[in-house]
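Source: prediction; values computed, not measured. Values below: all heavy atoms of this structure, side chains included; hydrogens, waters and symmetry mates excluded.
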Amino acid sequence: QVQLQESGPGLVKPSQTLSLTCTVSGASLTTDLYYWGWIRQPPGKGLEWMGAINNGGRIFYSPSLEIKRRTSISRDTAKNQFTLQLSSVTPEDTAVYYCAATKAVAVRTRNAGDYWGQGTQVTVSS
């Protein structure tokens with residue numbers, strides 16, 4: 001059973017950088033079974049895939065240029081953790097942020113065989 005747990009600040013000020021960490025147990029980040037991704041859900045909206053990293057460390061970013069230019073994804077295989085950094089945040093970045101182990105590189109729904117963290121609420125406000 002793969003388990004994922006997001007951690008990070010729940011409140012970020014506008015223009016700052018949001019940093020979240022996903023701690024994984026039950027599988028190694030170097031396995032070729034999954035992509036390790038970040039997905040968010042703003043209030044009242046659907047899921048938005050932000051990016052993912054594969055077992056070899058290759059990073060895949062959202063096709064949204066606005067998201068891509070502000071997003072950085074990295075990993076620490078020794079700690080079995082991967083991270084999301086989102087720069088220059090605005091209140092529009094307020095959302096529940098999820099990390100997930102997915103069979104497909106990009107997801108917009110919860111698919112069978114994937115594993116998701118419980119999600120963490122991030123609010124951007126001064």
Side-chain angles (χ1 to χ4, degrees):
Q1 182 81 2
V2 182
Q3 294 183 316
L4 303 98
Q5 179 65 59
E6 306 89 351
S7 60
L11 180 65
V12 183
K13 296 185 184 301
S15 80
Q16 291 187 340
T17 295
L18 163 68
S19 294
L20 295 174
T21 297
C22 183
T23 301
V24 179
S25 60
S28 169
L29 294 183
T30 58
T31 182
D32 62 358
L33 294 176
Y34 304 107
Y35 294 90
W36 306 95
W38 290 97
I39 306 99
R40 70 180 182 180
Q41 186 166 26
K45 298 184 179 180
L47 295 171
E48 178 178 31
W49 177 76
M50 301 187 72
I53 187 167
N54 73 357
N55 62 313
R58 180 182 177 184
I59 301 169
F60 304 82
Y61 287 109
S62 167
S64 164
L65 292 178
E66 194 279 332
I67 295 294
K68 181 179 180 179
R69 69 176 180 83
R70 297 192 293 128
T71 301
S72 177
I73 295 173
S74 61
R75 68 177 184 175
D76 185 334
T77 55
K79 295 182 179 179
N80 219 37
Q81 296 176 330
F82 62 105
T83 63
L84 170 73
Q85 290 192 318
L86 183 65
S87 64
S88 304
V89 297
T90 72
E92 286 66 40
D93 293 308
T94 294
V96 177
Y97 285 76
Y98 299 92
C99 60
T102 61
K103 297 290 189 178
V105 61
V107 296
R108 289 180 175 79
T109 60
R110 292 176 180 256
N111 300 313
D114 295 346
Y115 295 91
W116 288 57
Q118 65 182 19
T120 186
Q121 173 70 48
V122 176
T123 300
V124 179
S125 174
S126 56

> Any side-chain heavy atom of Val12 within less than 4.5 Å of one from Val122?
Replying inline: yes
> Cluster question for you: counting only ILVMFWY and a side-chain heavy-atom cut-off of under 4.5 Å, with indirect links fine, are Tyr61 and Leu29 together?
Replying inline: yes
> Do Tyr98 and Ile53 belong together in a cluster built from hydrophobic side chains that touch within less than 4.5 Å?
Replying inline: no
> Where is the tightest heavy-atom contact between Ser28 and Thr31, given as atom of each residue plus distance?
Replying inline: O-CG2, 2.8 Å
> Between atom CD of Glu6 and atom CD of Gln118, what is the distance when rounded to the nearest 0.5 Å?
Replying inline: 6.5 Å
>> Quick check: closest heavy atoms across Ser126 and Pro14, and the distance to 0.1 Å?
In response: N-CD, 3.6 Å
> Are any non-hydrogen side-chain atoms of Ile39 and Val107 less than 4.5 angstrom apart?
Replying inline: yes
> Side-chain contact, heavy-atom cut-off 4.5 Å: Arg70 with Leu18?
Replying inline: no
> In Å and rounded to the nearest 0.5 Å, what is the OH to OG1 distance from Tyr97 to Thr120?
Replying inline: 10.5 Å
> Rounded to the nearest 0.5 Å, what separation is found between the CD atom of Gln16 and the OG atom of Ser88?
Replying inline: 10.5 Å
>> Using a 3.5 Å distance criterion without hydrogens, assess whether the side chain of Thr94 forms a donor-acceptor pair with backbone atoms of Val124.
In response: yes
>> Quick check: closest heavy atoms across Pro9 and Ser19, and the distance to 0.1 Å?
In response: CD-O, 3.4 Å
> If you group Ile, Leu, Val, Met, Phe, Trp and Tyr by side-chain heavy-atom gaps below 4.5 Å, do Leu33 and Tyr35 land in one group?
Replying inline: no
>> Would you say Leu11 ends up clustered with Val96 if hydrophobic residues are merged whenever their side chains have heavy atoms under 4.5 Å apart, either directly or through other cluster members?
In response: no
> With a 3.5 Å cut-off and no angle check, do the side chains of Ser74 and Thr83 form a donor-acceptor pair?
Replying inline: yes
> Where is the tightest heavy-atom contact between Val2 and Ala27, given as atom of each residue plus distance?
Replying inline: CG2-CB, 3.8 Å
> Passes side-chain contact (heavy atoms from CB on, under 4.5 Å), Arg40 versus Ile67? Steps please.
Replying inline: CA-CA 12 Å; Arg40 70 180 182 180; Ile67 295 294; 3.2 Å; yes
Using distance only, find each side-chain donor-acceptor pair of residues 108-117 under 3.5 Å and give its atom names and separation, not counting sequence neighbours.
from, atom 1, to, atom 2, distance (Å)
Thr109, OG1, Asn111, OD1, 2.8
Asp114, OD1, Lys103, N, 2.8

>> Tell me if a side-chain donor or acceptor on Trp38 pairs with a main-chain N or O of Gln85 at a distance below 3.5 Å.
In response: no
> If every non-hydrogen atom of Asn55 is compared with every non-hydrogen atom of Thr30, which pair is closest and at what distance?
Replying inline: CB-O, 3.3 Å
>> Are Leu4 and Phe82 packed together at the side-chain level, in the sense that at least one heavy-atom pair is separated by less than 4.5 angstrom?
In response: yes
>> I'd like to know if the side chain of Gln81 and the backbone of Asp76 have a donor-acceptor N/O pair within less than 3.5 Å.
In response: no
> In Å and rounded to the nearest 0.5 Å, what is the OG to NZ distance from Ser125 to Lys13?
Replying inline: 7.5 Å
> Between Glu92 and Thr90, is any side-chain donor less than 3.5 angstrom from a side-chain acceptor?
Replying inline: yes
> Between Ile73 and Gly51, which heavy-atom pair has the shortest distance, and what is it?
Replying inline: CD1-C, 3.5 Å
> Can you find a pair of side-chain heavy atoms, one from Pro63 and one from Trp49, that are under 4.5 Å apart?
Replying inline: yes
> From Arg69 CZ over to Ser62 OG, what is the distance, rounded to the nearest 0.5 angstrom?
Replying inline: 12.0 Å
> When rounded to the nearest 0.5 angstrom, what is the spacing between CG in Asn54 and CH2 in Trp36?
Replying inline: 11.5 Å
> Any link between Ile59 and Met50 through a network of hydrophobic side chains (Ile, Leu, Val, Met, Phe, Trp, Tyr) touching at under 4.5 Å?
Replying inline: yes
